[in-house]
Asks: 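The structure is given below, and queries will be raised subsequently.
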Amino acid sequence: MVTGAKGMLGRDLMGILHSAFSKDEVIGWDIEEIDVRKEDDSVSKIAALRPEVVIHLAAYTDVDGCESDQEKAFGVNAEGTRHVALAASKCRAKMIYLSTDYVFDGEKREPYLESDPPHPLNVYGHSKLKGEQYVQEGGGDFVVIRTQWLYGPFGKNFVESILRQAGEKKTLSIVDDQTGSPTYTVDLAKAIRDLIQADARGIFHVANSEICTWYGFGQAILNLSGIHRVKVLPMSSKELGRPAARPSYSVLNCQKLEKETGRTMRPWSDALKDYLSTYHRPSADPMSR
Ligand SMILES: NC(=O)c1ccc[n+]([C@@H]2O[C@H](COP(=O)([O-])OP(=O)(O)OC[C@H]3O[C@@H](n4cnc5c(N)ncnc54)[C@H](OP(=O)(O)O)[C@@H]3O)[C@@H](O)[C@H]2O)c1
């Protein structure tokens with residue numbers, strides 16, 4: 001069963017799992033079915049289903065919102081995860097938990113390994129790390145998947161935001177002092193399927209390969225969409241002034257995934273081309289761009 005099944009990753013994951021397994025073997029729930037903050041309800045409903053694998057995606061994912069609503073951040077991301085982990089252990093299911101590169105502080109200057117010590121800079125990162133700890137303390141089989149910079153067809157994301165702003169403005173200023181790897185939800189969903197099929201256990205880093213800053217990512221989105229009339233300027237995180245601090249470098253080393261499943265994550269630019277050509281075919285009229 002999948003929690004957060006109607007979220008950005010959840011919808012793609014449900015599609016990938018429905019093609020890998022039979023449809024009635026995969027159950028997706030979102031907040032309408034269970035609010036993971038409610039312990040008794042979550043534990044009893046999941047336990048009654050007796051799943052073999054619980055894939056826990058449900059989360060409060062507004063990174064800046066978490067700074068001003070710590071109660072919700074820890075209630076959903078930490079306590080909610082504890083409730084789901086409790087349910088998984090009751091029915092001896094494997095627990096798969098989606099975590100984040102924001103558990104790291106970005107001080108390292110080479111790709112983070114699964115064994116590197118976490119040290120979050122923001123409330124979201126702290127709450128997701130607490131969730132990781134609950135999953136590991138649960139005592140059963142678990143997989144923790146740390147990923148980053150997600151975009152896909154089913155949610156608000158950076159690609160959609162850049163394309164929307166390009167339609168409204170002549171100049172875009174984008175942060176150039178955070179480095180990571182944009183990750184396509186479809187590629188991540190396939191890696192999750194592979195980890196299930198390989199019966200993997202432990203912590204895994206999963207992101208598309210090769211790195212960029214948000215500024216480089218923004219430039220690529222516009223170039224690949226054939227939009228050349230918008231000027232892109234680099235800016236610092238300080239200038240942007242978001243409430244939550246972000247790591248300046250949060251590249252994830254994904255070699256453990258490759259060893260375990262044989263899956264090599266493709267470069268982010270190839271995945272982006274695929275996404276844009278599937279969901280944003282360039283207009284036939286070049287004057288309109
Ligand atoms: N997006 C990223 O860049 C990113 C990066 C690293 C890790 N992750 C992790 O990957 C997972 C999936 O992310 P995503 O981007 O697909 O997130 P998302 O689009 O925000 O989806 C999360 C889903 O969980 C639901 N939810 C929220 N609170 C809930 C609750 N109390 N009980 C049950 N369901 C609840 C949300 O419903 P509502 O929409 O109604 O709130 C939403 O459908 C999350 O665990 C996230 O922490 C994401």
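Each ligand, and each atom within it, is numbered from 1 in the order the structure gives. What's counted below: heavy atoms across the whole structure, side chains too, no hydrogens, waters or symmetry copies.
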Asks: Which atoms of ligand 1 have any heavy atom of R37 under 4.0 Å away?
Replies: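 Once the distances to R37 are compared, the set is 31 (N).
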Asks: Hey, is atom 8 (N) of ligand 1 touched by any protein heavy atom at less than 4.0 Å?
Replies: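 Within 4.0 Å of atom 8 (N) of ligand 1, protein heavy atoms are found.
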Asks: Within the structure, is a non-hydrogen atom of F154 found at a distance of less than 4.0 Å from ligand 1?
Replies: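 Contact absent.
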Asks: Are the ring centres of W149 and F158 closer than 6.0 Å?
Replies: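 No, they do not, as the ring centres are separated by 6.0 Å or more.
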Asks: Take atom 38 (P) of ligand 1 and look for protein heavy atoms under 4.0 Å from it; say yes if you find one, no if not.
Replies: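 Under 4.0 Å from atom 38 (P) of ligand 1, zero protein heavy atoms found.
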Asks: Looking only at distances, please establish whether an N/O atom of ligand 1 is found under 3.5 Å from an N/O atom of D35.
Replies: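 There is such a contact, yes.
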Asks: From the options L150, I55, T81, select the one whose nearest heavy atom is closest to atom 2 (C) of ligand 1.
Replies: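 Looking at heavy atoms only, the winner is L150.
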Asks: Select the closest option to atom 6 (C) of ligand 1 among L9, L13, T147, judged by heavy-atom distance.
Replies: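 Answer by nearest heavy atom: T147.
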Asks: What residues join F74 in its hydrophobic cluster, counting side-chain heavy atom gaps under 4.5 Å, either direct or through other members?
Replies: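 For the cluster that includes F74, the remaining residues are V123.
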Asks: For the residue pair R109 and S248, confirm or rule out a side-chain donor-acceptor distance under 3.5 Å.
Replies: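 Checked: R109/S248 side chains pair up, N/O donor to acceptor below 3.5 Å.
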Asks: Considering both backbone and side-chain atoms of K128, is one of its nitrogen or oxygen atoms within less than 3.5 Å of a nitrogen or oxygen in ligand 1?
Replies: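 For ligand 1, there is an N or O atom that lies under 3.5 Å from one belonging to K128.
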Asks: So, is G10 polar-close to ligand 1, with some N/O to N/O distance under 3.5 Å?
Replies: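 No; every N/O pair is 3.5 Å or more apart.
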Asks: To which of D101, D30, I31 does the heavy atom nearest atom 36 (C) of ligand 1 belong?
Replies: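 Considering heavy atoms of D101, D30, I31, the nearest to atom 36 (C) of ligand 1 sits in D30.
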Asks: What atoms of ligand 1 come closer than 4.0 angstrom to any heavy atom of G4?
Replies: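 Under 4.0 Å from G4, ligand 1 has these atoms: 23 (C), 24 (O).
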Asks: Looking only at heavy atoms of W149, does any of them come nearer than 4.0 Å to an atom of ligand 1?
Replies: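 Yes, that is the case, since the closest heavy atom of the residue is under 4.0 Å from the ligand.
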Asks: Would you mind running through ligand 1 and noting each atom that sits below 4.0 Å from a heavy atom of I34?
Replies: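 That gives atoms 32 (N), 33 (C) of ligand 1.
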Asks: Using a strict cut-off of 4.0 Å, indicate which atoms of ligand 1 neighbour a heavy atom of K6.
Replies: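 With K6 as reference, the close atoms of ligand 1 come out as 43 (O).
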Asks: Is the closest heavy atom of G152 to ligand 1 under 4.0 Å?
Replies: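 G152: no contact with ligand 1 (<4.0 Å).
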Asks: Should V76 be counted as touching ligand 1, given the test is an N or O pair under 3.5 Å?
Replies: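 There is no such contact.
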Asks: For ligand 1, is T3 a contact, meaning one of its heavy atoms is under 4.0 Å away?
Replies: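 Distance cut 4.0 Å: T3 fails for ligand 1.
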Asks: S99 heavy atoms, cut-off 4.0 Å: which ligand 1 atoms fall inside?
Replies: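 Every atom of ligand 1 under 4.0 Å from some heavy atom of S99: 6 (C), 7 (C).
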Asks: Could you list which atoms of ligand 1 come closer than 4.0 Å to a heavy atom of L98?
Replies: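 Going through ligand 1 atom by atom, the ones under 4.0 Å from L98 are 10 (O), 11 (C), 45 (O).
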Asks: Scan the protein's non-hydrogen atoms and note whether one is under 4.0 Å from atom 16 (O) of ligand 1.
Replies: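 Protein heavy atom within 4.0 Å of atom 16 (O) of ligand 1: present.
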Asks: Test side-chain hydrogen bond (donor to acceptor under 3.5 Å, both in side chains) on W268 and E210; report intermediate values, then the result.
Replies: CA-CA 6 Å; W268 65 263; E210 300 185 0; 5.4 Å; no
